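First up is the structure itself, then whatever we jot down about it.
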Amino acid sequence: QEVIKKAGGLSETAYPLGVILSREAVREKQREANRLLASEVEASVLQLSQSDVADSQNQISAILGFAKRLRDQEVSGRLTVNILLSDPSAPVFLEDGDKVFVPKRPSHVSIIGSVQKETMASYSTTKAFPDYIAAAGGLNSGADKKRIYILLPNGESVKADKDIVIPPGSVIVV
């Protein structure tokens with residue numbers, strides 16, 4: 001909040017709920033987590049190679065390809081922050097190299113996953129969770145209603161229910 005104040009404050013079109021704070025130390029931890037997961041995935045190849053599973057060569061190739069993609073995947077180093085909340089007991093201290101990006105307020109909500117048609121629906125304060133699902137044509141037969149969640153603009157995820165408030169720029173994941 002102090003940095004934003006020193007920069008002249010937020011503009012009229014700024015969207016504080018979508019602030020992105022990226023940090024190199026977090027990026028490196030994400031890279032390390034991907035490397036560890038890739039190593040575990042590669043270790044599963046040994047088990048598969050010793051089994052009598054039909055078509056194991058193709059499966060081994062797919063697993064090794066996945067492990068390579070994990071190692072090569074670009075990571076964001078994103079920390080979830082809410083600059084609207086001032087919590088003196090949990091301040092966010094910036095570090096050298098941190099990047100703070102404040103986007104413009106979006107005018108949509110995305111609906112992806114097990115829906116009839118993935119879409120970006122216009123945001124409205126009068127729309128509720130079921131309205132956004134309806135905008136995507138409803139759930140498809142493979143949808144798991146108990147595992148729907150909302151990816152908030154700041155990067156946090158919350159379990160969805162019919163009464164949840166969905167801010168603009170959110171992604172509903174079915």
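Reckoned from all heavy atoms, side chains included, excluding hydrogens, waters and symmetry mates. As the structure is a computational prediction, the values presented were derived from the model and not from experiment.
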Subject >> Side chains of Thr80 and Leu152 in contact at under 4.5 Å (non-hydrogen atoms) >> reply: no
**OP:** With rounding to the nearest 0.5 Å, note down the distance linking OG in Ser39 to CG in Leu70.
**Re:** 10.0 Å
**OP:** Establish whether Tyr132 and Val158 are linked, either directly or via other cluster members, by ILVMFWY side-chain heavy-atom contacts under 4.5 Å.
**Re:** yes
**OP:** Could you give me the CA-CA distance, side-chain angles and deciding distance for Glu42 and Arg35, then say whether salt bridge (charged side-chain N to carboxylate O under 4.0 Å, His left out) is met?
**Re:** CA-CA 10 Å; Glu42 289 166 341; Arg35 285 191 289 266; over 6 Å; no
Original post:
Say you draw a straight line from NZ of Lys145 to CD1 of Ile133; how long is it, rounded to the nearest 0.5 Å?
Top reply: 10.5 Å
Original post:
Taking a hydrophobic cluster as the set of Ile, Leu, Val, Met, Phe, Trp and Tyr residues connected by side-chain heavy atoms closer than 4.5 Å, whether directly or through intermediates, do Leu79 and Ile4 fall within one such cluster?
Top reply: yes
Subject >> Minimum heavy-atom distance between Val41 and Ala67, given as atom pair plus value >> reply: CG1-CB, 4.2 Å
**OP:** Please round to the nearest 0.5 Å and tell me the distance separating atom NZ of Lys104 and atom OG of Ser11.
**Re:** 8.0 Å
**OP:** To the nearest 0.5 angstrom, please state how far the CZ atom of Arg27 sits from the OG atom of Ser76.
**Re:** 7.0 Å
Subject >> Heavy atoms of other groups near Lys159 NZ, more than 12 under 6.0 Å >> reply: yes
Original post:
Do Pro153 and Pro106 come within less than 4.5 Å of each other through their side chains, counting heavy atoms only?
Top reply: no
**OP:** Step by step, work out the salt bridge (charged side-chain N to carboxylate O under 4.0 Å, His left out) result for Lys29 and Glu32.
**Re:** CA-CA 5 Å; Lys29 286 181 181 184; Glu32 181 58 28; over 6 Å; no
**OP:** Run through Lys99, Arg78, Arg31 and flag the one making a salt bridge (charged side-chain N to carboxylate O under 4.0 Å, His left out) with Glu24.
**Re:** Arg31
Subject >> Minimum-distance pair of heavy atoms, taken over all atoms of Tyr123 and Ile166 >> reply: CE1-O, 3.2 Å
Original post:
What heavy-atom pair brings Ala25 and Glu95 nearest, and what distance separates the two atoms?
Top reply: CB-OE1, 4.4 Å
**OP:** Give the C-alpha distance, both sets of side-chain angles, the deciding distance and a yes or no for side-chain contact (heavy atoms from CB on, under 4.5 Å) between Leu94 and Leu21.
**Re:** CA-CA 9 Å; Leu94 295 179; Leu21 170 60; 3.9 Å; yes
**OP:** Kindly give the heavy-atom pair with the smallest separation between Ile164 and Phe129, and that separation in Å.
**Re:** CG2-CB, 4.2 Å
Original post:
Can you get from Val45 to Leu37 by hopping between Ile, Leu, Val, Met, Phe, Trp and Tyr side chains that sit under 4.5 Å apart?
Top reply: yes
Subject >> Shared hydrophobic cluster for Ile111 and Leu151 (ILVMFWY, side-chain gaps under 4.5 Å) >> reply: no
Subject >> Heavy-atom pair with the smallest gap, counting every atom of Gln116 and Asn140 >> reply: NE2-CA, 3.1 Å
Original post:
For the hydrophobic clusters of this structure (ILVMFWY residues joined by side-chain heavy atoms under 4.5 Å, transitively), does one cluster hold both Leu10 and Ile20?
Top reply: no
Original post:
Which heavy atom of Pro168 sits nearest a heavy atom of Val109, and at what distance?
Top reply: CA-CG2, 4.3 Å
**OP:** Give me the one residue out of Val174, Val171, Ile172 that meets side chain to side chain contact (heavy atoms under 4.5 Å, CB included) with Ile112.
**Re:** Val171
Subject >> Audit row: Asn154, Leu17, side-chain contact (heavy atoms from CB on, under 4.5 Å) steps and yes/no >> reply: CA-CA 6 Å; Asn154 71 350; Leu17 290 177; 5.9 Å; no
Original post:
For the atom pair OG (Ser110) and CD1 (Ile150), what is the distance rounded to the nearest 0.5 Å?
Top reply: 11.0 Å
Subject >> Any side-chain heavy-atom pair of Ser22 and Phe101 under 4.5 Å >> reply: no
Original post:
Between the side chain of Glu118 and the main-chain N/O of Gly113, is any donor-acceptor distance below 3.5 Å?
Top reply: yes
